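What follows is one structure encoded as structure tokens, with my remarks underneath.
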Amino acid sequence: MLLDARGVGVRLGRLRAFIHRGTLQGAREGALRGWTVAVKDNIAVQGWPLTCASAALEGYQAPYSADVVQAVLGEGAAVVGKTNMDEFGMGSRSRHSAHGAVRNPRDTTRTAGGSSGGSAAAVGAGAVRAGLGSDTGGSVRLPASYCGVAGFKPSWGVLSRWGLVSYAPACDVVGLLARTAADCAVLFEALLPGSQCRDPTALALAPPGAPVALRALTFGVPREWAPFVCDARALDAVLQGTHVRVRSVSIPSLRDAAALYADYVCMQAASTLARYTGVFTGAGAVPRVSADADGFGAHVRAYQHARLGPEVVRRVDAGRRLLATPGCWEGAVARVQQLQAEFARVFADGCDLVLGPTARYAAPALDAPPDPDEDVFTVPASLAGLPAISLPLGARDARGVAGVVGTQLVGPPRSDWLLLQAARELEGLFQ
Ligand code: GLN
């Protein structure tokens with residue numbers, strides 16, 4: 001039995017954080033010896049379900065383990081289950097799930113966030129030391145903010161995606177959830193691709209540089225985020241309590257980032273999910289699924305593509321219509337490049353990191369109406385491929401963690417170690 005922030009007893013099962021429990025024991029020795037790790041259900045663990053919270057994949061079991069799962073096992077962690085999520089990663093509240101909605105461990109009337117809500121809830125409830133998730137537009141950072149834990153989205157491409165089910169490949173990364181940035185850093189190091197990496201598109205990351213003092217860094221706070229901020233008490237506490245050097249900066253493309261993201265990922269999803277959606281591509285009763293060695297195609301054929309949930313169908317459909325419009329994809333790519341260039345200018349002009357809130361508000365009620373701007377602070381780093389972390393720095397607020405918003409740091413391309421180092425120092429000031 002767990003206690004939520006109001007002192008109410010909660011059974012772990014009631015959170016619907018896990019869709020499968022089991023134990024895979026890792027190596028005897030390693031940096032993660034003694035750790036328990038939960039794995040989002042869009043990351044393959046050999047012999048365990050891989051449903052992506054979709055009825056379309058009910059009963060499907062992964063024929064191999066993802067590189068990141070092999071890595072945590074190789075470093076001595078125990079993998080203890082698969083976690084609930086929004087179907088194929090599409091959502092911000094872990095409600096679009098064939099397994100039911102995930103509840104926030106701090107207040108079970110509220111959402112845990114999404115799409116990696118199950119991993120965040122499992123960490124927040126103290127059921128595991130860490131969680132693996134995925135982040136395409138904020139899916140580890142937003143649930144981290146809502147559940148009062150740390151959520152780290154590495155630079156695009158630096159962790160192997162072998163065994164991660166695609167949603168929007170230009171943004172998809174494996175993400176990390178833990179109680180602190182210090183734990184995220186230990187886990188990140190264990191996950192970095194080694195000689196066994198099976199993702200030929202993984203990018204190399206330089207080793208950590210010399211330690212940099214927090215007071216030597218300059219943080220840029222984008223002006224364009226100001227109109228969206230509703231509840232930035234945690235960020236205010238950071239700015240007032242730490243005396244870090246802050247500068248107001250301009251990144252004009254941030255104003256439209258949420259709308260750009262919606263188009264950009266729907267177009268990619270229409271392509272990556274085509275393997276499940278023969279019915280929408282006009283192929284009638286014969287899904288366009290190629291024969292493949294691991295039996296995945298046969299599984300999809302057998303299990304009716306039409307069992308995809310309404311949010312997935314909506315996005316794939318929207319993406320197909322956009323892709324059929326001449327110039328739409330090229331236009332979105334150009335706008336993403338513009339956003340990248342604006343971030344680059346801010347970093348070139350002397351800002352080491354960008355600072356802002358992670359979310360617009362604390363965890364909403366489970367049945368709150370959807371908000372198209374919910375991800376407005378998290379999607380920019382995803383579009384630009386930049387590393388970003390959400391920290392629960394306002395966690396001592398009187399209303400408890402569920403009552404505050406995470407603080408987000410965003411770094412230049414592949415500055416993951418600098419970002420983690422700054423995050424660790426920042427959280428140290430709040431402990
Ligand atoms: N909420 C965003 C979406 O629905 C981000 C999800 C994610 O990062 N997987 O696309």
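This is a predicted model, so every value here is computed, not measured. Counting starts at 1 for both ligands and their atoms, in listed order.
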If you take all heavy atoms of Val80 and Phe18, which pair is closest and at what distance?
O-CE2, 4.2 Å
Could you list the atoms of ligand 1 found under 4.0 angstrom from a heavy atom of Gly137?
5 (C), 7 (C), 8 (O)
I want to know if ligand 1 touches Thr136 in the polar sense, i.e. an N/O pair below 3.5 angstrom.
yes
Which segment of Asp375 sits under 4.0 Å of ligand 1 when only heavy atoms are counted:
side chain
Classify the contact between Ser115 and ligand 1 as side chain, backbone, both or neither, using a heavy-atom distance cut-off of under 4.0 Å.
side chain
For atom 6 (C) of ligand 1, grab the closest protein heavy atom and report residue, atom and distance to one decimal in Å.
Ser139 OG, 2.8 Å
Should we count CZ of Arg95 as having more than 12 external heavy atoms under 6.0 Å?
yes
Can you check whether Gly89 has an N/O within less than 3.5 Å of an N/O in ligand 1?
yes
Is it the side chain, the backbone, both or neither of Arg315 that has a heavy atom closer than 4.0 Å to ligand 1?
side chain
Where the side chain of Ser155 meets the backbone of Arg414, is there a donor-acceptor pair that is under 3.5 Å apart?
yes
With no hydrogens and no angle check, is any side-chain donor or acceptor of Glu87 less than 3.5 Å from a backbone partner on Ser97?
no
In this structure, are over 12 heavy atoms from other groups packed under 6.0 Å from Glu189 atom CD?
no
Over 60° means perpendicular and under 30° means parallel, so classify the ring planes of Trp162 and Tyr64, tilted if in between.
tilted
Numbering as shown, the atoms of ligand 1 that approach Gly91 to under 4.0 Å (heavy-atom distance):
1 (N), 2 (C), 3 (C), 4 (O), 6 (C)
Which of the ligand 1 atoms, numbered from 1, are nearer than 4.0 Å to a heavy atom of Met90
4 (O)
Closest to atom 5 (C) of ligand 1 among protein heavy atoms sits Tyr261 OH, 3.2 Å
Over all atoms of both residues, closest heavy-atom pair of Val174 and Ser160
CG2-O, 3.9 Å
